[in-house]
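Below: the structure, in structure tokens.
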Amino acid sequence: MSMTVKSPLNRRHFLMGAAACIGAPAMAQDLNSASTIEMEQDISSKVRRNVSAFRSLDWQPYFSNLNNGAVLVDIDSRALHFWTEGGEYFLFPSSVPMSEELTRRGRTSVVRKVEGPEWRPTPSMLERNPDWPSYVGPGPDNPLGTHALYLSWTYYRIHGTHDTRKIGRRSSNGCIGLYNQHIAQLYGMTKVGTQVLLI
């Protein structure tokens, strides 16, 4: 198959074509504002940080055994790690306390499990937010979501949330929040006595 050229390629056509190709990136940059380019860089750098933050960990540096399973909450990376007694591993994104003053670190354990928890704000929460209700029953308005694991520390829980915007953020008054489907999964695997470490 042959190709027919209607007009011969001369020096003038070549220079006009080359100029158009050389100018194309500059024209594209003019069409795409600097803010668009910066936004794309910001998104990719956030994704890189997110990926590196959600690294899987080994249980051995944190626990001497896996009796009753083990929960490790990494406040800085906003992730909850769980190992079953048999060593099966799960990783969940979480919400964490809004500030260091509200953050508690150290060893505790699951002392109670509740499906469809009730919520009562702590006295300090009501001090900070006097317009909050003193009680919210189970349901879609409940800040504890569908399930809650009560810890040996008073007022501290690992629980679900109906407000999925909170996951991955510093957004709680001290508790650790998970997506409702994740807390339901964790709830099914943990037992009273499961060891918990917040770092």
Side-chain angles (χ1 to χ4, degrees), residues 41-115 117 119 121-122 124-125 128 142-199:
Q41 290 169 349
D42 290 345
I43 289 170
S44 62
S45 65
K46 284 178 186 171
V47 169
R48 274 196 292 276
R49 281 196 301 273
N50 222 4
V51 168
S52 65
F54 284 84
R55 64 189 189 284
S56 59
L57 299 174
D58 291 324
W59 63 268
Q60 289 90 347
Y62 304 99
F63 302 97
S64 60
N65 60 62
L66 290 178
N67 296 345
N68 291 323
V71 171
L72 174 69
V73 178
D74 186 340
I75 302 288
D76 293 333
S77 70
R78 300 169 193 167
L80 184 146
H81 306 262
F82 175 70
W83 295 269
T84 65
E85 261 185 303
E88 196 174 357
Y89 174 72
F90 298 86
L91 176 61
F92 303 107
S94 69
S95 65
V96 297
M98 287 186 268
S99 66
E100 273 307 310
E101 296 78 42
L102 296 171
T103 302
R104 184 150 185 193
R105 298 174 199 265
R107 293 190 184 278
T108 182
S109 63
V110 175
V111 296
R112 191 170 143 221
K113 296 171 54 172
V114 177
E115 187 171 350
W119 177 76
T122 66
S124 61
M125 284 182 197
R128 290 189 304 272
N142 191 304
L144 300 183
T146 59
H147 298 76
L149 303 175
Y150 289 64
L151 304 179
S152 63
W153 300 331
T154 306
Y155 302 127
Y156 284 86
R157 324 243 185 287
I158 298 170
H159 61 79
T161 180
H162 297 293
D163 187 353
T164 57
R165 297 168 301 171
K166 291 183 171 188
I167 303 303
R169 298 175 185 232
R170 289 191 165 274
S171 59
S172 83
N173 280 282
C175 294
I176 304 302
L178 300 176
Y179 290 116
N180 280 330
Q181 65 267 28
H182 291 162
I183 189 62
Q185 186 180 0
L186 184 65
Y187 182 94
M189 295 185 291
T190 56
K191 52 180 89 168
V192 171
T194 295
Q195 50 194 327
V196 178
L197 173 61
L198 280 74
I199 59 170

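By convention here, the first residue in the shown sequence is residue 1. Reckoned from all heavy atoms, side chains included, excluding hydrogens, waters and symmetry mates.
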L186 vs L178 side-chain heavy atoms within contact, under 4.5 Å: yes
Heavy-atom closest pair, residues F63 and V71: CZ-O, 3.4 Å
R165 and S171, any side-chain heavy atoms less than 4.5 Å apart: no
Any donor-acceptor N/O pair, R170 side chain to P97 backbone, under 3.5 Å: yes
Interatomic distance, C175 atom SG to W153 atom CH2 [nearest 0.5 angstrom]: 11.0 Å
L102 to Y156 - nearest heavy-atom pair and separation: O-OH, 3.5 Å
R128 atom CZ: more than 12 heavy-atom contacts under 6.0 Å: yes
Side chain to side chain contact (heavy atoms under 4.5 Å, CB included) between Y150 and L144, worked out: CA-CA 11 Å; Y150 289 64; L144 300 183; 4.3 Å; yes
Pi-cation contact, Y62 with R107 (under 6.0 Å, within 45°): no
Minimum-distance pair of heavy atoms, taken over all atoms of A79 and L91: CB-CD1, 3.9 Å
Flag side-chain contact, heavy atom, 4.5 Å: I176 against I75: yes
Check against side chain to side chain contact (heavy atoms under 4.5 Å, CB included), R105 and E100: CA-CA 10 Å; R105 298 174 199 265; E100 273 307 310; 2.8 Å; yes
Gap separating the CZ atom of R157 from the CG atom of N173, nearest 0.5 angstrom: 12.5 Å
Expected output: side-chain E115 to main-chain Y187 donor-acceptor under 3.5 Å: no
Stepwise side chain to side chain contact (heavy atoms under 4.5 Å, CB included) test for K113 and T190: CA-CA 9 Å; K113 296 171 54 172; T190 56; 4.0 Å; yes
Sub-4.5 Å side-chain heavy-atom contact between T84 and F90: yes
Separation between OH of Y179 and OG1 of T146, rounded to the nearest 0.5 Å: 14.0 Å
Taking every non-hydrogen atom, the tightest pair across N65 and N67: OD1-N, 3.0 Å
Separation of E101 CD from S124 OG (nearest 0.5 Å): 12.0 Å
Between CD1 on residue I158 and CZ on residue F92, distance to nearest 0.5 Å: 10.5 Å
T108 backbone acceptor or donor facing S152 side chain under 3.5 Å: no
Side chain to side chain contact (heavy atoms under 4.5 Å, CB included) assessment of N180 paired with T164: CA-CA 9 Å; N180 280 330; T164 57; over 6 Å; no
E85 side chain vs N68 backbone, donor-acceptor pair below 3.5 Å: yes
Point-to-point distance, once rounded to the nearest 0.5 Å, from OG1 of T161 to NZ of K166: 5.0 Å
Side-chain touch W83/L72, heavy atoms, less than 4.5 angstrom: yes
Intermediate values then yes/no, side chain to side chain donor-acceptor pair (under 3.5 Å), N142 and H162: CA-CA 8 Å; N142 191 304; H162 297 293; over 6 Å; no
